[in-house]
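All residue numbers in this chain count up from 1 along the given sequence.
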Amino acid sequence: MANLIDGKAIAEQITNEVRAEVGELSKKGIIPGLAVVLVGENPASKVYVRNKQKACEKAGITSIKISYEATVSEKELLEKICELNNKKEVDGILVQLPLPKHIDENKIISAISPLKDVDGFHPENVGKLVLGQKTFLPCTPAGIQQLLIRKEIATAGKHVVVIGRSNIVGKPAAFLFLQKGIGGDATVTIVHSRTKNLAEITKQADILIAAIGVPNFVKAEMVKEEAVVIDVGINRVEIGENESKLVGDVDFENVSKKASFITPVPGGVGPMTIAMLLKNTTEAAKLRV
Ligand code: GUN
């Protein structure tokens with residue numbers, strides 16, 4: 001049976017570290033502030049935003065929520081981002097994704113000041129990540145890296161296989177593990193929905209990261225004995241009339257019998273994403289002039 005990686009506990013540890021940093025900043029009169037923009041009524045997005053705000057409160061970070069109906073125009077959103085870019089007390093700006101179809105996500109993300117882009121999604125910050133320059137790291141990949149570092153699971157020379165090529169997880173995760181240094185130095189492969197012989201590649205992974213958004217996609221036959229398995233999926237599945245539960249992208253019951261380490265869903269990667277957001281927001285506050 002695999003060792004469980006307790007993301008909730010490690011996220012709490014990071015939150016405590018952030019709270020201590022916020023305490024130091026407050027002595028200098030700086031209270032880190034995060035602006036969260038929520039568009040529409042996506043139930044998952046609403047839950048994520050609520051959890052992000054709760055975590056801010058725990059860490060002593062001020063958070064403001066700006067909600068719009070799904071019909072809001074791109075222009076109105078861009079104007080709000082411009083206003084937030086110019087607000088001294090707002091250190092971080094997070095626009096919860098996905099956005100409604102009529103809004104160009106790339107345009108919105110590019111409008112956020114790179115210095116306030118605590119999601120690490122702005123093209124300038126993505127470029128810096130690829131080039132190995134210091135920047136805001138996307139929260140989910142950074143959270144996965146922290147889990148591995150804090151569990152003392154080495155990545156150097158290991159084969160990291162990432163399932164999924166999203167801009168939020170798959171692509172940045174691959175570049176993060178490729179970088180030189182602690183938590184990096186891995187040999188990285190990305191596989192995705194169009195990959196041929198996907199299972200043959202995932203079976204070669206020392207560290208397998210599942211971020212494909214398909215419930216129970218990763219089966220035991222796709223995993224090498226003693227592999228480290230990181231499950232990024234958060235999928236709500238119906239289990240009866242009016243009843244649902246959260247499951248990951250990994251068939252936990254069977255894969256956990258084969259893996260050396262595995263993250264649960266919930267309580268694995270999810271809390272780490274939020275903890276890294278707190279960390280990024282505090283780093284952004286340090287850039288205040
Ligand atoms: N939607 C799913 N994950 C994320 C995230 O990390 N940040 C934002 N802004 N939206 C998301």
Side-chain angles (χ1 to χ4, degrees), residues 7-8 11 15 33-59 61-81 83-84 90 92-112 116-122 136-144 164-173 210-215 231-238 242 244-249 265-281:
K8 193 162 174 267
T15 304
L34 175 70
V36 184
V37 179
L38 175 66
V39 181
E41 299 292 329
N42 182 324
S45 290
K46 279 180 161 177
V47 173
Y48 296 150
V49 165
R50 198 182 316 132
N51 289 342
K52 285 171 185 178
Q53 288 203 283
K54 265 198 238 165
C56 281
E57 203 178 311
K58 267 194 195 166
I61 294 171
T62 304
S63 77
I64 53 164
K65 182 170 94 172
I66 301 135
S67 298
Y68 290 100
E69 296 199 357
T71 51
V72 68
S73 69
E74 190 177 274
K75 184 167 171 283
E76 194 173 342
L77 264 187
L78 288 169
E79 280 166 5
K80 177 54 78 177
I81 288 168
E83 182 192 316
L84 296 170
V90 171
I93 303 170
L94 180 149
V95 179
Q96 187 64 30
L97 305 177
L99 292 172
K101 293 265 180 300
H102 68 279
I103 295 170
D104 183 344
E105 266 180 18
N106 287 327
K107 221 174 180 178
I108 299 296
I109 291 167
S110 297
I112 297 171
K116 297 192 176 189
D117 170 37
V118 286
D119 259 327
F121 292 166
H122 189 285
F136 293 117
L137 299 174
C139 300
T140 301
I144 297 168
R165 53 177 158 175
S166 72
N167 291 340
I168 294 179
V169 185
K171 279 190 251 179
I212 197 164
V214 178
D231 191 349
V232 184
I234 304 178
N235 310 292
R236 190 161 282 286
V237 295
E238 302 298 321
N242 299 325
S244 66
K245 67 167 185 173
L246 284 186
V247 301
D249 290 353
V265 176
V269 174
M272 291 300 291
T273 298
I274 297 180
M276 299 320 288
L277 172 68
L278 304 177
K279 184 115 191 79
N280 281 348
T281 304

Partner residues of [X] under the salt bridge (charged side-chain N to carboxylate O under 4.0 Å, His left out) criterion, sequence neighbours left out:
| X | answer |
| --- | --- |
| Lys52 | none |
| Glu79 | Lys75 |
| Glu41 | Lys46 |
| Lys80 | Glu83 |

Show the nearest heavy-atom pair for residues [X] and [Y], with the distance to one decimal.
| X | Y | result |
| --- | --- | --- |
| Val90 | Ala35 | CG1-CB, 3.9 Å |
| Pro215 | Val247 | CB-CG2, 3.7 Å |
| Pro138 | Gly120 | CG-O, 3.6 Å |
| Ala142 | Leu137 | CB-CB, 3.9 Å |

Determine all donor-acceptor pairs shorter than 3.5 Å in which one atom belongs to a side chain in residues 97-104; sequence neighbours excluded.
{"unit_1": "His102", "atom_1": "NE2", "unit_2": "Val72", "atom_2": "O", "d": "2.7"}
{"unit_1": "Asp104", "atom_1": "OD1", "unit_2": "Asn106", "atom_2": "N", "d": "3.0"}
{"unit_1": "Asp104", "atom_1": "OD1", "unit_2": "Lys107", "atom_2": "N", "d": "3.4"}

Would you give the length of the straight line joining atom [atom1] of [X] to atom [atom2] of [Y], rounded to the nearest 0.5 angstrom?
| X | Y | atom1 | atom2 | value |
| --- | --- | --- | --- | --- |
| Asn280 | Leu34 | CG | CG | 10.0 Å |
| Thr62 | Gln53 | OG1 | CD | 11.0 Å |
| Ile81 | Ile112 | CD1 | CD1 | 5.0 Å |
| Tyr48 | Ile234 | OH | CD1 | 4.0 Å |
| Thr15 | Lys279 | OG1 | NZ | 11.0 Å |
| Gln96 | Ile66 | CD | CD1 | 13.0 Å |

Do [X] and [Y] have side chains that get closer than 4.5 Å, going by heavy atoms?
| X | Y | answer |
| --- | --- | --- |
| Leu277 | Val118 | yes |
| Cys56 | Leu278 | yes |
| Pro172 | Asn167 | no |
| Val39 | Leu77 | yes |
| Asp231 | Val269 | no |
| Glu74 | Ile108 | yes |

Quiz prompt | Lys116: partners by side chain to side chain donor-acceptor pair (under 3.5 Å), with sequence neighbours left out | solution =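 Partners of Lys116 by the side chain to side chain donor-acceptor pair (under 3.5 Å) criterion come out as none, since no residue qualifies.
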Self-check item: Donor-acceptor contact below 3.5 Å, side chain Asp117 vs main chain His122
Solution: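 Between the backbone of His122 and the side chain of Asp117 there is a qualifying donor-acceptor contact (under 3.5 Å).
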Quiz item: Step by step, would you call Tyr68 with Val37 a side-chain contact (heavy atoms from CB on, under 4.5 Å)?
Solution: CA-CA 8 Å; Tyr68 290 100; Val37 179; 4.1 Å; yes
Quiz item: Does the side chain of Glu238 come under 3.5 Å of the side chain of Ser244 through a donor N or O and an acceptor N or O?
Solution: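 Ser244 and Glu238 do not have a side-chain donor-acceptor pair below 3.5 Å.
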Exercise. Give the intermediate values and the outcome of side-chain contact (heavy atoms from CB on, under 4.5 Å) for residues Asp119 and Cys139.
Key: CA-CA 6 Å; Asp119 259 327; Cys139 300; 4.2 Å; yes
Exercise. Take Val36 and Ile93, measure what side-chain contact (heavy atoms from CB on, under 4.5 Å) needs, and give me the verdict at the end.
Key: CA-CA 6 Å; Val36 184; Ile93 303 170; over 6 Å; no
Practice problem: Please assess Thr140 against Val232 for the test side-chain contact (heavy atoms from CB on, under 4.5 Å), listing each intermediate value before the final yes or no. | Solution: CA-CA 8 Å; Thr140 301; Val232 184; 3.7 Å; yes
